[in-house]
Structures are given as structure tokens and as C-alpha cells.
Amino acid sequence: MDELFDSQQVLRAAEIIRREGEVARDAEGEVRFRGFTLELSPDEYTICLKWRSMRLHVFFHNRFQFEGGSRRDFENMMQAIDALLREDDFALAEQG
């Protein structure tokens, strides 16, 4: 799955979720936006991005780990990330 994984895109998506999302009241440290849940470590060096059955952990130095789901679930998650990035690019272009 790592051949389809761009850590910079995931980190950018995490920043969008952090900026636009709502802090979960039922889970400390979680931010939710458009079907994604973002968890940040206290030092913010580690993130966990959850989408449906998938969990993607991104660690310091762009190490990563996937949990749950199938290859198809992974592909769907990457497509959802791509859609989130395109929507943000469009919004930024309209502002500028």
C-alpha cells in the first residue's frame, strides 16, 4: 500500500481537518471533519487519521502504519483525502 501513499498529502489533509473540523466532545484530542477523525499526540509529532475502518498513523520522520480495512478501503481513504485536498485548493483559489 505504501506505493500509493504520499505522506505530505496526508499531513496536509490532517492540517485541513484540524483547521476546519470540530473538536470531539466525547473523545479527548480528536477533531472530526467530513468523515475523518484526526488524533494528535500531545507533542503533535504523531497523528492518527481515521476514516471508516482504516487507521493511518504517521510518526516522526514520516514513518507510518496502516491498521484495519482492505486494500480497497485504503484506496477509498486515499481518494477521500484527495477530494478533501482538491476542495481546499478550490476554496483557496476563490479567496485569492
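In this structure the side chain of V31 never reaches within 4.5 angstrom of the side chain of T37, judged on heavy atoms. A heavy-atom distance below 4.5 Å is found between the side chains of I47 and L38. For the pair L49 and V10, the minimum side-chain heavy-atom distance is below 4.5 Å.
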Exercise for the section: Would you please test D82 and E87 for side chain to side chain contact (heavy atoms under 4.5 Å, CB included) and show each step? Expected result: CA-CA 9 Å; D82 187 54; E87 184 178 314; over 6 Å; no
Practice task
Take H57 and E39 through the test side chain to side chain contact (heavy atoms under 4.5 Å, CB included) and record every step on the way to the result.
Solution key: CA-CA 9 Å; H57 301 271; E39 295 177 355; 5.7 Å; no
Practice task
Apply side chain to side chain contact (heavy atoms under 4.5 Å, CB included) to L85 and Q9, showing your working.
Solution key: CA-CA 8 Å; L85 297 176; Q9 285 186 329; 3.7 Å; yes
Exercise for the section: Under the side chain to side chain contact (heavy atoms under 4.5 Å, CB included) rule, what do I81 and F36 come out as? Steps first, then yes or no, please. Expected result: CA-CA 9 Å; I81 287 171; F36 288 97; 3.8 Å; yes
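Of all the heavy atoms in S53 and G69, the pair that sits closest is OG-CA, 3.5 Å. Contact record, F33 with G21: CB-CA, 3.7 Å, taken as the closest heavy-atom pair. Counting all heavy atoms, side chain and backbone alike, G68 lies closest to M54 at O-SD, 2.9 Å.
Put simply, F59 and I17 are part of two different groups of oily side chains (I, L, V, M, F, W, Y) that touch within less than 4.5 Å, one to the next.
Ion pairing of D6 with R12 is absent here, as no side-chain N (NZ or NE/NH1/NH2) approaches a carboxylate O to less than 4.0 Å.
Between F64 and F66, the ring planes lie perpendicular to each other; the angle is over 60°, past the 30° to 60° tilted range.
How far CZ of F60 is from OG of S41: 11.0 Å, rounded to the nearest 0.5 Å. Summarising the geometry, atom CD belonging to Q79 is positioned 9.0 Å from atom CZ belonging to R86; distances are rounded to the nearest 0.5 Å. Atom OG of S7 and atom CZ of R63 lie 12.5 Å apart (nearest 0.5 Å).
The list of salt bridge (charged side-chain N to carboxylate O under 4.0 Å, His left out) pairs with a residue in residues 13-23, not counting sequence neighbours, reads R18-E44, R19-D88.
Heavy atoms of other residues, nucleotides or ligands lying less than 6.0 angstrom from OH of Y45 number 12 at most.
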